[in-house]
Peer 1: 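What follows is a structure written as structure tokens; I'll ask about it next.
Note that ligands are numbered from 1 as they come in the structure, with each ligand's atoms numbered from 1 the same way. The first residue of the sequence shown is numbered 1, and numbering continues consecutively from there.
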Amino acid sequence: MEIAENEAVLRDVTAAYAFPGAPVRVTPHGAGHINDTYCVVCRSGEGKETRFILQGLSPAAFPRPEEVMENFIGVTSHLRKKIEAAGGDPLRETLDLLPTRDGRPYHTDPAGKVWRLVRYIENTVCLRRATPETFEAAGRAFGRFQFLLRDYPAGTLRETVPGFHDTGRRFSAFLAALREDKLRRAKDAEAEIRFALERERDCFAATDALREGKLPLRVTHNDTKLDNVLFDKDTMEGICVIDLDTVMPGLSLYDFGDAIRYGANHCAEDEEDLSKVSFDLDLYARFTRGFLTGAQGVFTETELAYFPWGAKLMTLECGIRFLTDYLEGDRYFRIHDPGQNLRRCRTQFKLVRDMEAQWEEMQRVICGAAAALKGKNE
Ligand code: GN1
Ligand code: MG
């Protein structure tokens with residue numbers, strides 16, 4: 001078996017699973033910042049190759065991995081039933097978790113890290129940057145995810161990362177990191193620190209609305225980056241939502257907003273040249289249309305009115321998290337060089353600034369999309 005890295009651990013993990021044939025290759029896969037993800041290729045006696053995705057959960061992000069897996073199983077079982085009832089193919093439209101040799105849902109390696117194995121969904125692609133068409137298709141996929149989970153008992157889900165999108169709490173963590181400034185990095189991020197401090201009040205917009213009973217709690221994905229959708233290679237339709245680690249009770253504006261944060265611009269999250277980074281209102285409009293179409297009318301009018309807040313808050317929050325991690329010495333997000341978290345923070349704050357400058361247009365787009373959909377359904 002060829003193993004690109006981490007050989008002893010991956011030998012132990014692959015031995016825990018009964019593959020169809022012999023595993024012949026294990027290679028790093030994808031571009032996530034948190035978990036360790038590998039593709040395992042197996043070859044049968046007749047030479048047929050089958051692929052699997054093997055993932056080791058990050059103990060820093062998920063201190064209770066068994067709860068992550070409990071959610072994963074609950075949600076994928078629900079989705080499977082819904083997809084079957086709608087005449088779809090559950091093996092393409094949701095993740096299929098494979099048990100270990102001894103029938104467990106995951107393997108724990110000697111160091112205590114939890115690993116899971118899912119079937120690779122063939123003939124699909126994962127996109128880093130969007131076109132208007134693919135972004136609208138991603139919107140439909142994430143909207144449909146909301147639609148299919150609208151009747152899932154949210155109270156039975158574990159809160160795998162408490163306060164994941166509690167922006168006020170993220171702000172407090174930033175203040176603590178700033179106070180400590182243990183690597184003396186604050187001096188290199190003065191403008192970014194000021195930017196965050198000036199927006200403290202904003203950080204409470206969503207949680208205040210929730211507390212006041214204006215917004216319903218739903219089952220949300222919470223990490224709706226474009227590359228968390230698999231697209232069918234032939235149709236380029238978004239067929240499967242992946243990365244279910246942060247599925248938790250949440251607000252629809254989180255899913256809307258995080259997708260916009262990542263996808264409604266033309267640059268990588270760590271683009272150095274900020275003159276290239278700008279919020280694209282057309283992409284925002286396309287995603288909105290897709291998201292509302294896929295969700296088939298599940299959102300209330302107040303939820304829709306909060307979608308621009310979702311975009312701004314998720315972007316501000318993510319920038320604050322990158323900045324916090326930079327100040328704390330890059331302990332959470334995987335980095336490739338020491339300035340990467342600060343660069344990531346800067347792109348996010350540039351996008352927030354752009355959104356603030358186009359706030360009214362952002363609101364108009366949501367009203368227009370909601371009215372168009374209503375017209376179509378009448
Ligand atoms: C992390 O693992 P990945 O790349 O899907 C993070 C998200 C951030 C994102 C920023 C569990 O997602 O919350 O928005 O990086 N996931 C976790 O790219 O913290
Ligand atoms: Mg993720």
Peer 1: For ligand 1, which atoms sit closer than 4.0 Å to a heavy atom of Ile34?
Peer 2: 1 (C), 2 (O), 16 (N), 17 (C), 19 (O)

Peer 1: Yes or no: does Arg321 have any heavy atom under 4.0 Å from an atom of ligand 1?
Peer 2: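 A heavy atom of Arg321 does come that close to ligand 1.
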
Peer 1: Applying a strict 4.0 Å limit to heavy atoms, is Asp223 in contact with ligand 1?
Peer 2: yes

Peer 1: Show me the pairs that pass ring-ring contact (aromatic ring centres under 6.0 Å, His included) and involve residues 66-94, at least two apart or across chains.
Peer 2: His78-Tyr152

Peer 1: Could you check Arg144, Arg140, Arg92 and say which one makes a salt bridge (charged side-chain N to carboxylate O under 4.0 Å, His left out) with Glu237?
Peer 2: Arg140

Peer 1: When you measure from the centre of the six-membered ring of Tyr262, is the NZ or CZ of Arg129 under 6.0 Å away and within 45° of the axis?
Peer 2: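 Cation-pi check for Arg129 and Tyr262: passes.
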
Peer 1: Counting only heavy atoms, which portion of Tyr262 has something under 4.0 Å from ligand 1: side chain, backbone, both, or neither?
Peer 2: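 No part of Tyr262 is near ligand 1 at this cut-off.
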
Peer 1: At under 4.0 Å between heavy atoms, is it the side chain or the backbone of Asp243 that contacts ligand 1, or both, or neither?
Peer 2: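 The side chain, only.
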
Peer 1: Does a salt bridge link Glu272 with Arg346, judged by any charged N lying under 4.0 Å from a carboxylate O?
Peer 2: no

Peer 1: Counting from 1, what ligand 1 atoms have a heavy atom of Phe62 closer than 4.0 Å?
Peer 2: 11 (C)

Peer 1: So, using side-chain contact (heavy atoms from CB on, under 4.5 Å) as the criterion, who are the partners of Asn222 when residues are at least two apart?
Peer 2: Phe164, His165, Thr220, Thr246, Met248, Tyr254, Asp255

Peer 1: Indicate, as side chain, backbone, both or neither, the part of Arg344 found under 4.0 angstrom from ligand 1 when only non-hydrogen atoms are considered.
Peer 2: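 Neither part.
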
